[in-house]
Asks: 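Structure below; questions to follow.
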Amino acid sequence: MKIDVLTLFPDFFSGFTSQSIIKRALAKGVCSFSTIQIRDFTKDKYGRTDTPPIGGGAGLIQKAQPIVDAIAFAKENNPEAKVILFSPRGKVYNEKIAKEYAKEKGLILVCGHYEGVDERVNDYVDELISLGDYVLTGGEIPAMAVSDSVIRLLDGAINEQSLEQESFEGNLLEYPQYTEPYEFNGKKVPDILYSGNHEAIRKWRKRAALQITKEARPDLFSKLALTKEEKKLLEELTLKEESSWEIEAIRKGNKSKKS
């Protein structure tokens with residue numbers, strides 16, 4: 001996977017590529033990441049890449065020519081890449097799209113700035129993407145968000161088990177996670193997690209994930225095609241008491257600890 005970001009502000013990305021998982025993924029050759037300065041391609045004699053909009057209006061609009069030529073340059077070294085422009089018109093980015101992008105051989109991410117880009121740039125991109133219904137100063141933060149979400153999905157970037165157990169997998173939010181100590185400020189780690197019963201822990205986590213998704217993201221919950229087991233686990237929640245399998249697992253786990 002080769003990711004190229006077209007931007008007027010390449011310094012935005014220096015910290016992004018030098019920290020944590022992204023840094024390790026790049027060092028391992030999982031993918032390559034580079035920025036391309038749009039300003040390098042302007043033919044304006046003053047080096048400008050933006051201009052007031054024709055017909056009047058507030059702010060400055062990025063010219064088509066520098067962006068289109070920068071896309072052409074990026075395509076020379078990343079010929080099979082999908083070209084993405086960040087725009088409020090685009091479909092809202094989500095995990096499903098991230099997984100689709102992770103299958104691509106390359107991405108070219110075009111960062112708009114100021115009041116937007118010349119309408120004719122749209123003819124040179126494959127897809128418009130939005131991070132949501134709010135306004136940012138430019139496309140650099142969306143480019144980092146998309147790059148981060150895609151890189152972590154690539155083989156070798158992170159532990160495969162981590163990918164299987166995280167939020168939005170199958171429209172479920174992730175179950176609660178805990179660390180030591182057992183009790184912190186009056187709140188205790190659920191005893192089931194100390195039981196050593198992997199099947200009981202799996203069911204508890206599944207039930208907790210269902211509950212959290214139902215309460216926090218009903219829009220995601222409504223998309224779930226519930227299995228027979230999941231329906232039964234949801235029924236247990238209405239009883240507001242520990243199920244028989246949970247009680248048994250905790251009892252045996254405590255007995256094992258004492259012995």
Asks: Does the distance from a Lys or Arg side-chain N to an Asp or Glu carboxylate O, for Lys2 and Glu104, drop under 4.0 Å?
Replies: no
Asks: Please round to the nearest 0.5 Å and tell me the distance separating atom CZ of Arg120 and atom CD1 of Ile67.
Replies: 11.5 Å
Asks: Between Arg89 and Glu119, does at least one N-O distance fall below 4.0 Å, as a salt bridge requires?
Replies: yes
Asks: Mind checking the CD1-CG spacing from Ile108 to Leu6? Nearest 0.5 Å is all I need.
Replies: 7.0 Å
Asks: Are the side chain of Ser87 and the backbone of Leu128 linked by a donor-acceptor contact shorter than 3.5 Å?
Replies: no
Asks: What are the two closest non-hydrogen atoms of Ala209 and Glu174, and how far apart are they?
Replies: CB-C, 4.5 Å
Asks: Check the orientation of Tyr194 and Tyr182. Use parallel for under 30°, tilted for 30 to 60°, and perpendicular for over 60°.
Replies: perpendicular
Asks: Keeping Arg152 on the side-chain end and Ala157 on the backbone end, is there a donor-acceptor pair under 3.5 Å?
Replies: no
Asks: Near Lys75 NZ, under 6.0 Å, is it more than 12 heavy atoms from other residues, nucleotides or ligands?
Replies: yes
Asks: Can a side-chain donor-acceptor contact be found between Gln211 and Tyr175 if the only test is distance below 3.5 angstrom?
Replies: no
Asks: Using salt bridge (Lys or Arg N to Asp or Glu O under 4.0 Å) as the criterion, list what pairs up with Glu115, not counting sequence neighbours.
Replies: none
Asks: I'd like to know if Glu199 pairs up with Arg202 as an ion pair, taking the criterion as any Lys NZ or Arg NE/NH1/NH2 lying under 4.0 Å from an Asp or Glu carboxylate oxygen.
Replies: yes
Asks: Establish whether Val146 and Tyr134 are linked, either directly or via other cluster members, by ILVMFWY side-chain heavy-atom contacts under 4.5 Å.
Replies: yes
Asks: Regarding Glu248 and Arg251, does a basic nitrogen lie under 4.0 Å from an acidic carboxylate oxygen?
Replies: yes
Asks: Have Gln62 and Thr49 got a donor and an acceptor in their side chains that come within less than 3.5 Å?
Replies: no
Asks: In terms of side-chain geometry, is the basic nitrogen of Lys91 or Glu127 positioned less than 4.0 Å from the acidic oxygen of its partner?
Replies: yes
Asks: Are Leu237 and Leu224 connected, step by step, through hydrophobic side chains (Ile, Leu, Val, Met, Phe, Trp, Tyr) whose heavy atoms are closer than 4.5 Å?
Replies: yes
Asks: Would you check if there is a donor-acceptor pair between the side chains of Ser149 and Tyr93 at a distance under 3.5 Å?
Replies: yes
Asks: Would you mind checking if Asp44 and Lys63 are paired as a salt bridge, meaning a charged N to carboxylate O distance below 4.0 Å?
Replies: yes
Asks: For the atom pair OG (Ser32) and CG (Asn78), what is the distance rounded to the nearest 0.5 Å?
Replies: 7.0 Å
